[in-house]
Enquirer: 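Sharing a structure below in structure tokens format, with a few things to ask.
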Number of protein chains: 2
Amino acid sequence: MTKPNSADALPINTILEGDCIDVMNGLPAASVDLIFADPPYNLQLKGDLHRPDNSRVDAVDDDWDQFSSFSAYDQFTRDWLKAARRLLKPDGAIWVIGSYHNIFRVGAALQDAGYWILNDVVWRKSNPMPNFRGKRFTNAHETMIWASKSEGAKYTFNYEALKALNEGIQMRSDWVLPICNGGERLKDEDGEKAHPTQKPQALLHRVLVGSTKPGNIVLDPFFGTGTTGAVAKMLGRDWIGIEREDKYRTVAEKRIAAVRRLDKSSLEVTASKRAEPRVPFGQLVERGMLRPGEELHSMNGRHKAKVRADGTLIGNDIKGSIHQVGAHLEGAPSCNGWTYWCFKRDGKTVPIDVLRQQIRSELD
Amino acid sequence: MTKPNSADALPINTILEGDCIDVMNGLPAASVDLIFADPPYNLQLKGDLHRPDNSRVDAVDDDWDQFSSFSAYDQFTRDWLKAARRLLKPDGAIWVIGSYHNIFRVGAALQDAGYWILNDVVWRKSNPMPNFRGKRFTNAHETMIWASKSEGAKYTFNYEALKALNEGIQMRSDWVLPICNGGERLKDEDGEKAHPTQKPQALLHRVLVGSTKPGNIVLDPFFGTGTTGAVAKMLGRDWIGIEREDKYRTVAEKRIAAVRRLDKSSLEVTASKRAEPRVPFGQLVERGMLRPGEELHSMNGRHKAKVRADGTLIGNDIKGSIHQVGAHLEGAPSCNGWTYWCFKRDGKTVPIDVLRQQIRSELD
DNA sequence: CCCTCTCCTGAATCTAGCA
DNA sequence: ATGCTAGATTCAGGAGAGG
């Protein structure tokens, strides 16, 4: 028999019909890498909400008060977050977007469910709807919460790629992006907007470039018109959508069919140094790039040490790795020996990292 | 008889010593116009953190920020929010500031306690501390929640004053302000920062100008070094502070004593200098103005390169930013990629700088 | 006087891999 | 699981020294 929880069983790159909690509970556990969720925040839920066991949440009716409505919304939130968490791989992560009407309840529920918040990210709208009555601030942003499945999980974060997207400065928690309108805004056959809260593709682009790898599986339980699927497909990620309403699914199918998947070289993003193969310092000695007995000098010129045949260094009163000796001499908690030590060739001072690069380039 | 709840009974313009919940419960109900609260954030820090230069980050590890669990923090939050709500006049309002560690719990508790959220306001820090390990986004903002005592309350909002503060444009829900440092940052006798989380006066200035009237009473239950009191006094509002720690009260007393109450005409407006916003090339890609995989051509027609999903280019033998690749191909020490690269649309060659101008025009 | 350069610091839930 | 070690990682701005 095939494994019942295998990712092979997943309905990849399709839109599933139905209530997201029911549908999620029918999918194999620990099978998706990322969840992006744009849940409803309408508190007048009119009995739409169902628990995982299909019992109806006793939600707001005509004379609802704020407490019963909040508690119904909380129940709904707990239920879908629980179902979503089951689907995530151990190192998976989730993004949830919302406004002040619901995001505080969602955030608290995320924490209570065992997710570990990594950042809250503010989408700062460059062209928000103004406040017409002059009674409040222009509601010019929405909030996204990025969380791993649990504390200590090895979530994906493409730091260098995001830094590249931001012209060499590390990406901040506030993102300035326009709202979705113009040609990107999907219209129905009447020329009306097809969905009231269509998210801009640029938002999903940043989310997916930053927190997934090509080939990852991205689930969106409130798929709407499929922005998540469209961007995922373009970026070479697999996707699964869940959507209750026929009309949204129809629009989304058509939209995603028209998207072209990017070729591999365009998908490659700036890699992190951490991903590069590890080179032991001893290899430089074994290969004769450095001689045992040769002297190394610290980058700041204040210290020196001698190379030993086993790839350790010996300083005045300390023996150990290039890192340990560097840290000791500087009185620092740690030290990257590769960038700390230099050697001399033909009167010139050369960082030893140059030799590591040389070895790495031979590995390609 | 005098009214027992009269504001006359209030210890105006003083700092009260003690636990804020006890002290608030001893004050007359329905007596203050505004509450500004900067409660402990419940940061959950594990080990030390060092900068890349090996210096240690001076973290917020004070006892007052330690809670045993989320539920202990929730209980504390519910208690102080309840005591605070009793003190508010029916048309009073509250501001609470926090970070992703606590703000979701605070926001949910506010709603549960019957407050009515009016806006969430994002303080975007112009000079936040970076993320040193490259594992998350720069935590570049904090969130404030502005709420009235209850739904339908006639809260104060000085729309025109805020619009004036913002150069004639309606004030938005995101405020760009620097963190508190330099001369404004209070030091103790050892020259160390007097309080680890002193808030900038500009933040309180905007809060108080926007949501109080001169002569109003402003309460701060987590007074710290008294930024709320100092700005309130300057702006001609009355204030009450509550602070547990002797050392903070001492600093705050001295600070506020040195503040001069402004005469009515001199409510100075700190005009923000507006530099041309930097637009990362990656935004053109995220926003679909250029497609990953698309070819760019050099202005002189001699070179070409392909756009990648993270906003870098790939040429024959070189990957990097638009500037780096341009410089490399020209054999030049530097290159302005914005004026060097062009793309093709409808058979015409267009400089990419046109797209940057387009984005900038949206930001005005 | 100005300019340059160095040093310091800010509410932080901040590593990965192998033995 | 725990422990150890390699080695990757920062932006804006103010203060102060030196030229």
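Residue numbers start from 1 in every chain, and the chains themselves are labelled A, B, ... in the order their sequence lines are given, proteins ahead of strands.
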Enquirer: Pick base, sugar-phosphate or nothing for T339(A), based on heavy-atom distances below 4.0 Å to the nucleic acid.
Expert: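 Counting heavy atoms under 4.0 Å across all strands, no contact is made by T339(A).
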
Enquirer: Can you work out whether R185(B) or R133(B) has the more 5'-proximal nearest nucleotide on DNA chain C?
Expert: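 It is R185(B), whose closest nucleotide lies nearer the 5' terminus.
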
Enquirer: Base, sugar-phosphate or nothing for K46(B)? Non-hydrogen atoms, less than 4.0 Å.
Expert: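 Since no nucleic acid heavy atom lies under 4.0 Å of K46(B), the category is nothing.
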
Enquirer: In Watson-Crick or G-U wobble terms, both distances under 3.5 Å, what is the partner of dT9(D)?
Expert: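 Result: none.
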
Enquirer: Would you mind telling me which of dA11(C), dT13(C), dT9(D) lies closest to the side-chain atoms of L43(B)?
Expert: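 Looking only at side-chain atoms, L43(B) lies closest to dA11(C).
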
Enquirer: Identify whether any heavy atom of P39(B) sits under 4.0 Å from a base atom; if not, whether one sits that close to sugar-phosphate; answer base, sugar-phosphate or nothing.
Expert: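 Base contact - P39(B) has a heavy atom under 4.0 Å of at least one base atom.
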
Enquirer: Pick base, sugar-phosphate or nothing for R274(A), based on heavy-atom distances below 4.0 Å to the nucleic acid.
Expert: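 The residue R274(A) makes sugar-phosphate contact but no base contact.
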
Enquirer: Expressed as a whole number of angstroms, how long is the span from N54(B):CG to dC8(C):P?
Expert: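 Atom-to-atom, N54(B) to dC8(C), this comes out as 13 Å.
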
Enquirer: Work out how far the P atom of dT13(C) is from that of dA8(D), and round it to whole angstrom.
Expert: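 One P to the other, the span is 23 Å.
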
Enquirer: Name the residue closer to the 5' end of DNA chain D, choosing between R51(B) and G182(B) according to the nucleotide with the nearest heavy atom.
Expert: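 The residue whose closest nucleotide sits nearer the 5' end is R51(B).
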
Enquirer: Choosing from dA11(C), dA12(C), dT10(D), which nucleotide comes nearest the side chain of Q170(A)?
Expert: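 Looking only at side-chain atoms, Q170(A) lies closest to dT10(D).
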
Enquirer: Counting the atoms with a prime plus P, OP1 and OP2 as sugar-phosphate, which does D38(B) contact under 4.0 Å by heavy atoms, base, sugar-phosphate, or nothing?
Expert: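 D38(B): base contact, heavy atoms under 4.0 Å.
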
Enquirer: If I pick the C1' atom on dC14(C) and the same atom on dG7(D), what distance separates them, to the nearest angstrom?
Expert: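 Here dG7(D) and dC14(C) have their C1' atoms 15 Å from each other.
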
Enquirer: Would you indicate what T138(B) reaches in the nucleic acid, counting non-hydrogen atoms under 4.0 angstrom: base, sugar-phosphate, or nothing?
Expert: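 If one applies the 4.0 Å heavy-atom cut-off, T138(B) turns out to touch nothing in the nucleic acid.
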
Enquirer: Separation of N127(B) atom CG from dG13(D) atom P, in whole Å?
Expert: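 Atom-to-atom, N127(B) to dG13(D), this comes out as 6 Å.
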
Enquirer: What's E151(A) touching, base or sugar-phosphate or nothing? Going by heavy atoms closer than 4.0 Å.
Expert: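 Touches nothing.
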
Enquirer: Do K135(B) side-chain and dA16(C) base share a donor-acceptor contact under 3.5 Å?
Expert: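 No such pair is found, so the answer is no.
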
Enquirer: Taking any heavy-atom pair under 4.0 Å as a contact, classify P128(B): base, sugar-phosphate, or nothing.
Expert: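 Touches a base.
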
Enquirer: Between N131(B) and R278(A), which has a closest nucleotide on DNA chain C that is more 5'?
Expert: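 Of the two residues, N131(B) wins.
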
Enquirer: Is there a donor on the side chain of S272(A) or the base of dA8(D) sitting less than 3.5 Å from an acceptor on the other?
Expert: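 Check fails, no donor-acceptor contact within cut-off.
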
Enquirer: Specify the separation, in whole Å, of atom CG of N166(A) and atom P of dC11(D).
Expert: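 After rounding, the gap between these two atoms is 10 Å.
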
Enquirer: Using purine N1 to pyrimidine N3 plus N6-O4 or O6-N4 for Watson-Crick, or N1-O2 and O6-N3 for G-U wobble, both under 3.5 Å, which nucleotide pairs with dA11(C)?
Expert: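 Answer to the pairing question: none, since dA11(C) forms no Watson-Crick or G-U pair.
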
Enquirer: Angle class for the F137(B)/F157(A) ring planes (parallel below 30°, perpendicular above 60°, tilted otherwise)?
Expert: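 Perpendicular.
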
Enquirer: If the threshold is 4.0 Å, N to carboxylate O, is there a salt bridge linking D174(A) and R124(A)?
Expert: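 R124(A) and D174(A): not salt-bridged.
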
Enquirer: Quote, to the nearest angstrom, the C1' distance that separates dA15(D) from dA11(C).
Expert: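 Between the two C1' atoms, the distance is 23 Å.
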
Enquirer: For a quick check of understanding: with a heavy-atom distance under 4.0 Å over all strands, which category does T197(B) fall into, base, sugar-phosphate or nothing?
Expert: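 Base contact.
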
Enquirer: So what does G183(B) hit on the nucleic acid, given a heavy-atom distance under 4.0 Å: a base, only sugar-phosphate, or nothing?
Expert: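 Touches sugar-phosphate only.
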
Enquirer: Roughly how many Å is it from CZ in F132(B) to P in dC8(C), rounded to a whole number?
Expert: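 Spelled out: CZ on F132(B) to P on dC8(C) is 14 Å.
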
Enquirer: Give I117(A) one of three labels, base, sugar-phosphate or nothing, depending on what nucleic acid heavy atoms sit under 4.0 Å from its own.
Expert: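 Result for I117(A) = base.
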
Enquirer: Starting from P on dG7(D), measure out to NZ on K273(A) and report it in whole angstrom.
Expert: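 After rounding, the reported distance stands at 12 Å.
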
Enquirer: How would you label the contact of C335(A) with the nucleic acid (heavy atoms, under 4.0 Å): base, sugar-phosphate, or nothing?
Expert: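 Here C335(A) touches the bases of the nucleic acid.
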
Enquirer: For the side chain of K163(A), starting at C-beta, report the closest nucleotide among dT10(D), dA8(D), dA11(C).
Expert: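 For the K163(A) side chain, the nearest candidate turns out to be dT10(D).
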
Enquirer: Tell which nucleotide pairs with dG18(D), taking only Watson-Crick or G-U wobble pairs whose two distances are both under 3.5 angstrom.
Expert: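 dG18(D) is paired, partner dC3(C).
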
Enquirer: Below 4.0 angstrom, N of the basic side chain to O of the carboxylate: do D33(A) and K89(A) qualify?
Expert: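 Salt bridge: yes.
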
Enquirer: Just checking Q198(B): base, sugar-phosphate only, or nothing, at a heavy-atom cut-off of under 4.0 Å?
Expert: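 Since no nucleic acid heavy atom lies under 4.0 Å of Q198(B), the category is nothing.
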
Enquirer: Give me the one residue out of V307(A), T349(A), I352(A) that meets side-chain contact (heavy atoms from CB on, under 4.5 Å) with F343(A).
Expert: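 Only one of V307(A), T349(A), I352(A) forms a side-chain contact (heavy atoms from CB on, under 4.5 Å) with F343(A), namely I352(A).
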
Enquirer: Can a cation-pi geometry be assigned to R105(B) and Y73(B), taking NZ or CZ under 6.0 Å from the six-membered ring centre and within 45° of the ring axis?
Expert: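 The answer is no; the distance or angle limit is not met.
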
Enquirer: Is the base of dG7(D) touched by the side chain of R356(A) through a donor-acceptor pair closer than 3.5 angstrom?
Expert: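 Donor-acceptor pair under 3.5 Å: no.
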
Enquirer: At under 4.0 Å between heavy atoms, what does F281(A) touch on the DNA or RNA strands: base, sugar-phosphate, or nothing?
Expert: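 Nothing, no heavy atom under 4.0 Å.
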
Enquirer: Please verify the inter-ring angle class for W95(B) with W146(B); under 30° counts as parallel, over 60° as perpendicular, anything in between as tilted.
Expert: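 W95(B) and W146(B): parallel rings.
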
Enquirer: For dC14(C), does OP1 or OP2 lie under 4.0 Å from any side-chain N or O of Y155(A)?
Expert: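 No.
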
Enquirer: Checking understanding here: a glycosidic angle within 90° of 0 is syn, the rest anti, so what is dT13(C)?
Expert: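 Chi for dT13(C) falls in the syn range.
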
Enquirer: When the aromatic ring centroids of W116(A) and Y155(A) are compared, is their separation below 6.0 Å?
Expert: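 No - the distance between ring centres of W116(A) and Y155(A) does not fall below the 6.0 Å cut-off.
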
Enquirer: Does a sphere of radius 6.0 Å around CZ in R244(B) hold more than 12 heavy atoms from other residues, nucleotides or ligands, not counting ones at 6.0 Å or beyond?
Expert: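 No, the 6.0 Å shell around CZ holds no more than 12 heavy atoms from other groups.
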
Enquirer: Tell me which of G168(A) and D353(A) sits closer to the 5' end of DNA chain D, going by the nucleotide each one is nearest to.
Expert: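 Per heavy-atom nearest nucleotide, the more 5' residue is D353(A).
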
